[in-house]
Amino acid sequence: MNPIPSVPIDTITYPLQAQGYIHHWLVAGPQALAVTDLSRFDRHQLQSQIAAAYHQPHHPVTQSPAELTPLTINDAHGEATLTWRAVRCGDDHFIDCTSFYHTCHYLRTWAYTELTATSAVDATFVLTSHGPADVWINGILVHQHSHFH
């Protein structure tokens, strides 16, 4: 897949926080997908089986994200339009996208940032997630995290 095409937009530049944390993101979601027919899943592996059943392995972001612009998702779960919003992490360095539903739902959220280096550097990206996550860099899937913690 090709990288996301660049579109001229106004940008705000933030330095990395202490110890290299990224605190400023564009976030879309969560999109809540109702999980129907729970009996088809093994109750001892409920979370991981639901995640496997609802995960979409493709990269759905096709336009450069910008605050208050739409992210349209059209996949096996139907079409949905979410809105990109600017989010600043708290002191714990997390983006909190928790939600509560009275019935079982699969939640998915997109987070986007751009990093710019003034010269060639080696970098390590560390992902902390309480559930499954995919990491895409320049339109290429570089990591899949499938566990719950």
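Remark: H23 NE2 to R88 CZ distance equals 6.0 Å, nearest 0.5 Å. Distance check: Q31 CD to L82 CG gives 5.5 Å after rounding to the nearest 0.5 Å. One distance of note links CD of Q49 with NE2 of H44; it measures 10.5 Å at 0.5 Å rounding.
Here the shortest heavy-atom pairing between L26 and W84 reads O-CZ3, 3.5 Å. Scanning all heavy atoms of the two residues, the minimum distance from W136 to L141 falls at CE3-N, 3.2 Å. The minimum heavy-atom distance between P57 and H55, with the atom names listed, is CA-CE1, 3.4 Å. The two residues F148 and G131 come nearest to each other via the heavy atoms CD2-CA, 3.9 Å. Heavy-atom minimum distance, R85 versus C97: NH2-SG, 4.4 Å. Smallest separation of non-hydrogen atoms from S129 and P132: OG-O, 4.2 Å.
Counting heavy atoms of neighbouring residues, nucleotides and ligands inside a 6.0 Å radius, atom CG of L127 exceeds 12 of them. Summarising the local packing, CD of E114 is surrounded by 12 or fewer heavy atoms from other residues, nucleotides or ligands at distances under 6.0 Å. For R43, the CZ atom counts as loosely surrounded, since its 6.0 Å shell holds 12 or fewer non-hydrogen atoms of other residues, nucleotides or ligands. In D122, the CG atom is not crowded: 12 or fewer heavy atoms of neighbouring residues, nucleotides or ligands sit closer than 6.0 Å. When the shell of 6.0 Å around CG of D91 is examined, it contains 12 or fewer heavy atoms from other residues, nucleotides or ligands.
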message: Between R108 and D134, does the salt bridge (charged side-chain N to carboxylate O under 4.0 Å, His left out) criterion hold? Intermediate values first, please.
response: CA-CA 11 Å; R108 58 187 186 172; D134 293 347; over 6 Å; no
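Without hydrogens or angle criteria, H58 side chain to Q56 main chain gives no donor-acceptor distance under 3.5 Å. Using a distance-only test at 3.5 Å, with no hydrogens or angles considered, a donor-acceptor pair links the side chain of H145 to the main chain of H147.
Residues C89 and F94 have side chains not in contact (no heavy-atom distance under 4.5 Å, counting atoms from C-beta outward).
Transitive grouping of hydrophobic side chains (ILVMFWY, heavy atoms separated by less than 4.5 Å) brings I95 and L115 into a common cluster. Hydrophobic clustering of Ile, Leu, Val, Met, Phe, Trp and Tyr side chains at less than 4.5 Å, counting indirect connections, keeps L107 apart from I73. Hydrophobic clustering (ILVMFWY, side-chain heavy atoms < 4.5 Å, transitive): L71 and L68 are in distinct clusters.
Connectivity analysis of hydrophobic side chains (ILVMFWY, heavy atoms under 4.5 Å, direct or indirect) links L33 to V35, L38, F41, L46, I50, Y54, Y106.
The side chain to side chain donor-acceptor pair (under 3.5 Å) check on T13 picks up nothing, with sequence neighbours excluded. Partners of D42 according to the side chain to side chain donor-acceptor pair (under 3.5 Å) rule, which considers only residues two or more places apart in sequence or in another chain, do not exist here.
H143 has its ring centre no less than 6.0 Å from the ring centre of F125.
Note: F100 and H102 have perpendicular aromatic rings, judged against thresholds of 30 and 60 degrees for the angle between ring planes.
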